[in-house]
Peer 1: 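There's a structure below that I have some questions on.
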Amino acid sequence: VQLQASGGGLVQAGGSLRLSCAASGRAFSSYRMGWFLQAPGKEREFVAAINWLGGVTYYADSVKGRFTISRDNTKNTVYLQMDSLKPEDTAVYYCAADSSSSSTWYRKYHLVGEYEYWGQGTLVTVSS
């Protein structure tokens with residue numbers, strides 16, 4: 001599967017952005033999806049994840065109540081709605097796909113190594 005992330009940009013603190021990740025290739029609904037961020041000089045870290053049909057979602061504590069992950073399997077797209085943005089949310093955001101059917105994803109959804117496919121990243125900059 002190929003992943004193409006978009007929607008990043010410059011926004012003021014308190015503002016909103018919606019990131020999109022379009023997938024091409026094998027059936028999108030067979031992938032569990034995640035969003036990760038990487039700030040300059042730091043390791044990539046988990047933001048949010050969603051299972052095949054969207055019935056199960058997970059969030060990092062730092063974004064709970066502010067970010068919402070969703071997917072539209074008819075459009076082969078996963079979204080990350082980001083509200084109440086803070087300067088510390090500034091980072092490159094990556095979408096990722098996990099093709100396995102293993103139940104271990106429900107324990108390891110937050111791990112970079114759990115995902116085989118990655119998009120190119122989209123930069124989000126939040127000014128104070």
Side-chain angles (χ1 to χ4, degrees):
V1 66
Q2 291 80 45
L3 303 174
Q4 180 73 37
S6 62
L10 174 63
V11 63
Q12 288 188 333
S16 298
L17 281 175
R18 187 175 82 155
L19 305 184
S20 300
C21 176
S24 60
R26 190 179 141 195
F28 178 66
S29 60
S30 67
Y31 294 95
R32 291 174 287 205
M33 302 297 294
W35 284 98
F36 290 75
L37 65 81
Q38 189 164 17
K42 296 187 177 181
E43 294 187 351
R44 197 166 296 188
E45 62 184 62
F46 170 73
V47 176
I50 190 166
N51 73 341
W52 297 295
L53 299 180
V56 176
T57 57
Y58 300 104
Y59 297 92
D61 288 344
S62 59
V63 306
K64 279 181 183 176
R66 300 189 299 122
F67 291 10
T68 304
I69 188 171
S70 62
R71 66 190 296 162
D72 185 339
N73 289 343
T74 66
K75 296 182 178 180
N76 290 357
T77 302
V78 63
Y79 304 97
L80 185 68
Q81 178 66 41
M82 305 188 295
D83 298 318
S84 302
L85 282 160
K86 304 175 181 180
E88 51 263 44
D89 295 322
T90 294
V92 176
Y93 284 72
Y94 297 88
C95 59
D98 166 35
S99 66
S100 78
S101 58
S102 171
S103 62
T104 59
W105 180 83
Y106 291 94
R107 292 184 288 109
K108 297 183 178 181
Y109 58 86
H110 60 292
L111 299 178
V112 169
E114 188 66 15
Y115 299 84
E116 305 100 297
Y117 305 100
W118 291 83
Q120 85 290 359
T122 185
L123 175 63
V124 172
T125 304
V126 184
S127 63
S128 58

Peer 1: Can you run down the salt bridge (Lys or Arg N to Asp or Glu O under 4.0 Å) pairs that involve residues 48-65, sequence neighbours left out, and say none if there aren't any?
Peer 2: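 Pairs touching residues 48-65 that pass the test: D61-K64.
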Peer 1: Less than 3.5 Å apart, any donor N or O on the side chain of S100 or S102 sitting next to an acceptor on the other?
Peer 2: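 No - no donor-acceptor pair under 3.5 Å links their side chains.
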Peer 1: Got a sec, which residues hit ring-ring contact (aromatic ring centres under 6.0 Å, His included) with F36, two or more places apart in sequence or on another chain?
Peer 2: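 Residues passing ring-ring contact (aromatic ring centres under 6.0 Å, His included) with F36: F46, Y115, W118.
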Peer 1: Any chance you could pull the hydrophobic cluster mates of L111, using side-chain heavy atoms under 4.5 angstrom and chaining through other members?
Peer 2: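 When side chains under 4.5 Å apart are linked, L111 ends up in no cluster with other residues.
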Peer 1: From M33 CE over to T77 OG1, what is the distance, rounded to the nearest 0.5 angstrom?
Peer 2: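 M33 CE to T77 OG1: 9.0 Å, rounded to 0.5 Å.
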Peer 1: Measure the shortest side-chain to side-chain distance between K108 and D98 over non-hydrogen atoms and say whether it is less than 4.5 angstrom.
Peer 2: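 Heavy-atom side-chain distance check fails, nothing below 4.5 Å.
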Peer 1: Do the side chains of W52 and W35 join up, straight or via other hydrophobic residues, at under 4.5 Å, putting them in one cluster?
Peer 2: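 They do not share one cluster, since no chain of ILVMFWY contacts under 4.5 Å joins W52 to W35.
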Peer 1: Using the rule that Ile, Leu, Val, Met, Phe, Trp and Tyr join whenever any side-chain heavy atoms are under 4.5 Å apart, tell me whether I69 and V112 fall into a single cluster.
Peer 2: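 As far as the 4.5 Å side-chain criterion goes, V112 and I69 are not connected within one cluster.
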Peer 1: Which disulfide (SG to SG under 2.5 Å) pairs, counting each pair once, include a residue from residues 10-124, with sequence neighbours left out?
Peer 2: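 For residues 10-124: C21-C95.
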Peer 1: Tabulate below the donor-acceptor pairs under 3.5 Å that side-chain atoms of residues 119-128 make, not counting sequence neighbours, or state none.
Peer 2:
from, atom 1, to, atom 2, distance (Å)
Q120, OE1, A5, N, 3.2
Q120, NE2, A5, O, 2.8
T122, OG1, G8, N, 3.0

Peer 1: Once ring-ring contact (aromatic ring centres under 6.0 Å, His included) is applied, do any residues pair with Y58, and if so which ones, sequence neighbours excluded?
Peer 2: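 So Y58 forms a ring-ring contact (aromatic ring centres under 6.0 Å, His included) with W105, Y109.
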Peer 1: I need the full list of salt bridge (Lys or Arg N to Asp or Glu O under 4.0 Å) pairs touching residues 36-47, with sequence neighbours left out, sorted by first then second residue.
Peer 2: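 Listed once each, the pairs would be none.
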Peer 1: Do V56 and R32 have side-chain heavy atoms sitting under 4.5 Å apart?
Peer 2: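 No - every pair of side-chain heavy atoms lies 4.5 Å or more apart.
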Peer 1: Got a sec, which pairs hit salt bridge (Lys or Arg N to Asp or Glu O under 4.0 Å) with one end in residues 65-87, sequence neighbours left out?
Peer 2: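 Passing the test, one end in residues 65-87: R66-D89.
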Peer 1: Can you list every pair that meets ring-ring contact (aromatic ring centres under 6.0 Å, His included) and has a residue in residues 78-100, with sequence neighbours left out?
Peer 2: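 Listed once each, the pairs would be none.
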Peer 1: Could you state the interatomic distance from CG (L19) to CZ (F67), rounded to the nearest 0.5 Å?
Peer 2: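 One finds 8.0 Å between CG of L19 and CZ of F67.
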Peer 1: Any idea which heavy atoms bring V1 and A23 closest together, and the distance?
Peer 2: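 It is CG2-CB, 3.8 Å.
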Peer 1: Scan for disulfide (SG to SG under 2.5 Å) pairs involving residues 45-75, sequence neighbours excluded, and state none if there are none.
Peer 2: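 Applying disulfide (SG to SG under 2.5 Å) to every pair that reaches into residues 45-75, excluding sequence neighbours, yields nothing.
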Peer 1: Donor-acceptor check, side chain of E116 to backbone of S99, threshold 3.5 angstrom: yes or no?
Peer 2: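 Yes; at least one donor-acceptor contact below 3.5 Å.
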Peer 1: Without swapping roles, check the side chain of N73 against the backbone of S29 for a donor-acceptor pair under 3.5 Å.
Peer 2: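 Not a single qualifying donor-acceptor pair exists.
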Peer 1: For residues 48-82, pull every pair meeting disulfide (SG to SG under 2.5 Å), keeping only residues two or more places apart or in separate chains.
Peer 2: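 Output for this query is empty, none listed.
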Peer 1: Go through the structure and list residues passing side-chain hydrogen bond (donor to acceptor under 3.5 Å, both in side chains) with E88, not counting sequence neighbours.
Peer 2: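 Here no residue qualifies.
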